[in-house]
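Following: one structure in structure tokens, then a few remarks.
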There are 2 protein chains.
Amino acid sequence: MALPNGPVTTSSEAEAVLFELVDVYDRAYEAAAAQLSLSPAQACVLGRLDERRGMGALADELGCDASNITQIVARLETLGLVTREPNPQDRRARLVARTPRGDEINHRFTTAFTFARTAVGRLSPDEQDQLTALLRKALG
Amino acid sequence: MALPNGPVTTSSEAEAVLFELVDVYDRAYEAAAAQLSLSPAQACVLGRLDERRGMGALADELGCDASNITQIVARLETLGLVTREPNPQDRRARLVARTPRGDEINHRFTTAFTFARTAVGRLSPDEQDQLTALLRKALG
DNA sequence: CCTGTTACTTGAGTGAATCAAGGATCATTG
DNA sequence: CAATGATCCTTGATTCACTCAAGTAACAGG
């Protein structure tokens with residue numbers, strides 16, 4: 001399991017809760033992925049393939065090196081969850097798409113990753129709106 | 001940079017903001033660590049050494065294998081940020097402690113990781129309390 | 001065409017994480 | 001007190017994420 005991204009000492013309660021939230025969220029994400037024998041990175045990429053798209057687009061969106069995506073997509077391809085087809089418009093490029101099995105695994109993953117849904121579900125609609133507004137303001 | 005732990009499609013705005021928060025938080029943590037040439041895991045371990053403690057205690061708290069801690073502490077030791085002293089009470093055990101340089105780097109790290117402070121700082125005291133209450137409720 | 005740029009891959013290297021196995025020490029108990 | 005088992009940590013092997021540098025192939029503009 002990935003080590004938490006958090007300080008021990010926080011200067012306010014709000015910061016402490018923020019840290020706890022991030023930690024629990026990350027662990028839940030990892031656990032949901034592990035349940036399907038996926039790494040968090042694999043689950044992440046798989047989840048961004050609702051439409052077929054190029055490797056570069058993935059790298060841009062995820063803010064990482066293209067070669068990182070090459071590697072992750074290669075593993076997903078080996079697992080039979082993804083295909084890498086040539087792009088007829090540009091023969092340098094590849095179009096990555098989920099296979100039916102990839103669709104199913106991705107669906108099972110989104111079902112398994114209940115944390116955000118559950119957490120939000122503990123709040124009333126009004127409270128959800130308040131939380132959204134507060135977090136938006138906090139994010140600047 | 002680590003890939004985000006988040007779904008693309010969210011069923012509510014609150015979930016989407018939650019995901020964004022986690023993503024921004026994680027990236028900020030990683031960036032602050034990188035600024036000091038530390039990995040997130042190294043920064044994490046270093047931050048939990050306000051008092052000297054055993055390897056096992058670290059592994060327990062961080063929820064990972066003991067050998068993982070061995071590895072990370074070894075690197076921190078190489079960097080001169082940490083010492084591994086024998087435990088006089090139990091010669092199997094080692095006591096890990098920050099060196100003065102470790103203290104300094106850790107202090108610089110907590111200064112560099114401004115995200116949580118800044119985010120909370122954008123809220124009024126009342127709003128901070130509201131956020132704390134809402135997140136506590138959401139966490140269950 | 002020729003040049004430069006773009007899209008992706010490959011290879012090398014670091015580090016996190018897990019598992020299995022082992023050494024040393026403690027703690028218990030027959 | 002000696003044997004047994006548990007505990008603390010390390011080592012070694014493996015997988016994967018991530019980054020950087022370098023390379024190939026194909027596009028796009030002059």
Side-chain angles (χ1 to χ4, degrees), chain A residues 1-5 26-27 29-31 33-46 48 52-79 81-97, chain B residues 1-5 26-27 29-31 33-46 48 52-79 81-97:
Chain A
M1 196 176 299
L3 265 45
N5 286 343
D26 283 340
R27 288 182 191 270
Y29 192 89
E30 192 174 349
Q35 209 171 312
L36 295 159
S37 304
L38 294 176
S39 69
Q42 289 167 348
C44 171
V45 168
L46 198 60
R48 315 238 164 187
R52 67 177 50 183
R53 56 204 306 204
M55 313 281 290
L58 284 169
D60 283 349
E61 179 175 334
L62 300 176
C64 71
D65 198 277
S67 62
N68 197 7
I69 298 294
T70 296
Q71 209 179 18
I72 295 166
V73 167
R75 284 191 246 276
L76 287 172
E77 198 178 22
T78 301
L79 295 172
L81 305 181
V82 136
T83 58
R84 239 182 324 187
E85 306 160 8
N87 182 339
Q89 264 77 52
D90 183 344
R91 283 179 313 179
R92 293 169 298 181
R94 304 285 197 93
L95 287 175
V96 188
Chain B
M1 194 176 301
L3 263 45
N5 284 345
D26 284 339
R27 288 180 190 269
Y29 192 89
E30 192 176 348
Q35 208 171 311
L36 296 159
S37 303
L38 296 176
S39 70
Q42 290 168 349
C44 172
V45 169
L46 198 61
R48 316 238 165 186
R52 71 178 46 184
R53 56 205 308 205
M55 313 282 290
L58 283 169
D60 282 350
E61 178 176 334
L62 299 177
C64 70
D65 196 275
S67 62
N68 197 9
I69 298 293
T70 297
Q71 207 179 20
I72 294 166
V73 166
R75 284 192 245 275
L76 288 173
E77 200 178 23
T78 301
L79 295 172
L81 306 181
V82 138
T83 58
R84 239 180 324 185
E85 305 160 9
N87 183 339
Q89 262 77 51
D90 183 344
R91 283 180 313 181
R92 293 169 298 180
R94 304 285 197 92
L95 286 175
V96 189

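Keep in mind the model is a prediction, meaning the values are calculated, not measured. What you see below is based on every heavy atom in this structure, not just the backbone, and it leaves out hydrogens, waters and symmetry mates. Each chain gets a letter, A, B and so on, in the order its sequence line appears, and its residues count up from 1.
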key: Given DNA chain D, 5'-ward residue of the pair Pro88(A) and Met55(B), judged by closest heavy atom   =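 Its nearest nucleotide being more 5', the pick is Met55(B).
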query = Which residue, Asn87(A) or Leu3(B), contacts DNA chain D at a nucleotide closer to its 5' end, judged by nearest heavy atom?
reply =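 Result of the comparison: Leu3(B).
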Under 4.0 Å between a side-chain N/O of [X] and OP1 or OP2 of [N], yes or no?
| X | N | value |
| --- | --- | --- |
| Ser39(B) | dA16(C) | yes |
| Arg84(B) | dC9(D) | no |
| Arg91(B) | dC9(D) | no |

Name the nucleic acid region contacted by [X], choosing base, sugar-phosphate or nothing; use a 4.0 angstrom heavy-atom cut-off, strictly under.
| X | result |
| --- | --- |
| Ile69(A) | nothing |
| Ala2(A) | sugar-phosphate |
| Asp90(B) | sugar-phosphate |

task = Run the salt-bridge test on Arg48(B) and Glu61(B) with the 4.0 Å N-O cut-off and return the result as yes or no.
result =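 Yes, charged N to carboxylate O under 4.0 Å.
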ask   = Quick one: CD on Gln42(B) to CG on Leu81(B), what's the gap to the nearest 0.5 Å?
value =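 Result: 8.0 Å between the selected atoms.
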With respect to the side chain of [X], which nucleotide from [options] is positioned closest?
| X | options | result |
| --- | --- | --- |
| Ala93(A) | dC8(D), dA17(C), dA7(C) | dA7(C) |
| Gln42(B) | dA16(C), dC9(D), dT9(C) | dA16(C) |
| Thr70(A) | dT10(C), dA16(C), dT10(D) | dT10(C) |
| Gln71(A) | dT9(C), dT10(D), dC18(D) | dC18(D) |

request  = May I have the distance from Leu38(A) (atom CG) to dT15(D) (atom P), rounded to whole angstrom?
outcome  =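 In whole Å, dT15(D) P lies 17 Å from Leu38(A) CG.
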key: Flag side-chain contact, heavy atom, 4.5 Å: Val96(A) against Leu76(A)   =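 No. Closest side-chain heavy atoms not under 4.5 Å.
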query = Donor-acceptor pair under 3.5 Å: do we get one between Ser67(A)'s side chain and the base of dC8(C)?
reply =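 For Ser67(A), whose side chain was compared with the base of dC8(C), there is no donor-acceptor pair (under 3.5 Å).
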query = Between the base of dT6(C) and the side chain of Arg92(A), is there a donor-acceptor distance below 3.5 Å?
reply =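 Pair found.
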Which atom of Cys44(A) lies closest to which atom of Pro4(B), heavy atoms considered =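 The answer is SG-O, 3.3 Å.
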ask   = Taking all non-hydrogen atoms of both residues, which atom of Leu95(A) and which atom of Arg52(A) are closest, and how far apart?
value =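 Distance-wise, the nearest heavy atoms are CD1-CD, 3.9 Å.
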